[in-house]
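Lettering follows sequence order; numbering is per chain, from 1.
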Amino acid sequence: MPSGTIDLDETVPFSLYHTLHSGQAFRWQVHDGVWTGVVRDTVITLAQTGQRLSFGHTNPDLIRNYFHLDLDLDAVLRSISIDPYITHAVREGYGLRIVRQDPWECLISYIASANMKAVTTNARLEVLAGRWGEAIPSDEGEFHQIPAPEVVAEIGVAALRVCGFGYRARLMKAAAEYIIDHSDWETAIGAMDYHAAHARLTEIPGVGPKVADCVLLFGFNKYEAFPVDVHIRKIVGEAYFQGEGRSCQPIERQNCCTREFGRTYFGAYAGYASQYLFNKRFHRHSKLAVRTP
DNA sequence: ACCCAGGAGACGC
DNA sequence: GCGTCTCATGGG
């Protein structure tokens, strides 16, 4: 089983904790500083000491790709640190990197996350993978992939409801069927610009503006996407609109305004700004990482 | 009991 | 196009 270390240059911002604890990717667990998770069809273990990243059960290329270590994050963070509030958020979560998730896993995960707590979503996805996902042999125990679209479509709404997805079950099945009928979706959306890709994604059942932005940001690395959820809406309202003014508008209107504000205000890497703002509020409340399998 | 969670779809207007 | 209601499920 291959394993090794990556010694990052001092100029490369990287915090394993903030990256995996920020709520962007589901299914990661940590015990005694060692993170374990499934990336596509591989079980990965990770630990960080200073600028040294130790990993097991994979190869350096997969690690570099997953954490996008070639991205000049320092330059990105400088480009979004345009006011005291975001600058403080960047300092607090310094080294958080947006990872490259599998687009399908990202899609089905965020469809499932709608109007549900992240920790609950995480538990549901583990049940789904455990019951219906392909097993991955590992020294760390039994792990499973998120089932492919064909499997999600075949097991049907009833099986998905048993996993606890509630009313989202029919949307997950419909989304899986859409993906099966549009097998080129990944390359097609990857080749589109932000606006076209966002419009195309919202054609998928269960995908609205927020989920589309999450999939573009986490699954396709289109960094101008600025996902707006209840937290980001509150944060942006408090930090940039004095907590008033827009609060009298309906939620959908606020979300749309906040999304446009974020993209135009923070620029090409607005998605990074959203993650640092989200992390600032989210990470101290999260239970994602302390749950045991 | 009531409210909320990394929202989206189906309505009526 | 915009506003409102509803949708499972669990935890505070």
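Comparing the same atom, P, in C:dT6 and in B:dC2 gives a spacing of 15 Å after rounding to whole Å. Here the separation of B:dG9 from C:dG10, taken at their P atoms, is 23 Å to the nearest Å. Straight-line distance between the P atoms of B:dG6 and C:dC5: roughly 24 Å, to the nearest whole Å. Taking atom C1' in both C:dG11 and B:dA8, one finds a spacing of 23 Å when rounded to whole Å.
For residues 106-116 of chain A, the set of pairs meeting the side-chain hydrogen bond (donor to acceptor under 3.5 Å, both in side chains) definition, not counting sequence neighbours, is empty. Within the structure, salt bridge (charged side-chain N to carboxylate O under 4.0 Å, His left out) pairs that include any residue of residues 175-188 of chain A comprise A:Lys173-A:Glu177 (at least two apart or interchain).
An aromatic stack links A:Phe278 and the base of B:dG6, using centre distance under 5.5 Å and interplanar angle under 30°.
Taking A:Asp70 as the reference, A:Arg64 meet the side chain to side chain contact (heavy atoms under 4.5 Å, CB included) condition, with sequence neighbours excluded. Every side chain to side chain contact (heavy atoms under 4.5 Å, CB included) that A:Glu150 has, sequence neighbours left out, goes to A:Ala148, A:Ile180. Applying the side chain to side chain contact (heavy atoms under 4.5 Å, CB included) rule to A:Ala174 yields the partners A:Pro205; only residues at least two apart in sequence or on another chain are considered. The side chain to side chain contact (heavy atoms under 4.5 Å, CB included) test applied to A:His198 returns A:Tyr194, A:Thr202, A:Pro209, A:Ala212, A:Asp213, A:Leu216, A:Arg259, not counting sequence neighbours.
For the pair A:Arg253 CZ and C:dG3 P, the interatomic distance rounds to 7 Å; values are reported in whole Å. Rounded to whole Å, the distance from CG on A:Asn115 to C1' on B:dC3 is 12 Å. Rounded to an integer number of Å, the gap from A:Asp213 CG to B:dG7 C1' is 13 Å. Separating the CZ atom of A:Arg259 from the C1' atom of B:dG6 is a distance of 15 Å, rounded to the nearest angstrom. Atom C1' of nucleotide C:dA8 and atom CZ of A:Arg124 are separated by 9 Å, given to the nearest angstrom. Residue A:Tyr276 contributes atom OH, which lies 18 Å from atom C1' of B:dG6 at whole-angstrom precision. Atom CG in A:Asn279 sits about 14 Å away from atom P in B:dG6, given to the nearest Å. Rounding to whole angstrom units, CG of residue A:Leu277 and C1' of B:dG6 are separated by 14 Å.
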Side-chain donor-acceptor pairs of residues 71-78 of chain A under 3.5 Å, sequence neighbours excluded:
residue: A:Asp72; atom: OD1; partner: A:Ala75; partner atom: N; Å: 3.3
residue: A:Asp74; atom: OD1; partner: A:Tyr94; partner atom: OH; Å: 3.2
residue: A:Asp74; atom: OD2; partner: A:Arg78; partner atom: NE; Å: 3.2
residue: A:Asp74; atom: OD2; partner: A:Arg78; partner atom: NH2; Å: 3.3

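For A:Glu260, the CD atom is densely surrounded, since the number of other residues' heavy atoms within 6.0 Å is greater than 12.
Ring geometry, A:Phe266 versus A:Phe226: the interplanar angle falls under 30°, so the pair is classed parallel (tilted spans 30 to 60°). A:Tyr66 and A:Trp28 have tilted rings, their planes meeting at an angle from 30° to 60° on a 0 to 90° scale.
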_Treating primed atoms plus P, OP1 and OP2 as sugar-phosphate and everything else as base, which nucleotides of nucleotides 8-13 of chain B get B, S or - for protein heavy atoms under 4.0 Å?_
SS----
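Listed by residue number, A:Pro227, A:Asp229, A:Val230, A:His231 are the residues of residues 216-232 of chain A with a heavy-atom contact under 4.0 Å to DNA chain B.
Residue A:Arg168 is in base contact, counting any heavy-atom pair closer than 4.0 Å across all strands shown.
Of the side-chain N and O atoms in A:Lys117, none sit less than 4.0 angstrom from OP1 or OP2 of B:dC3.
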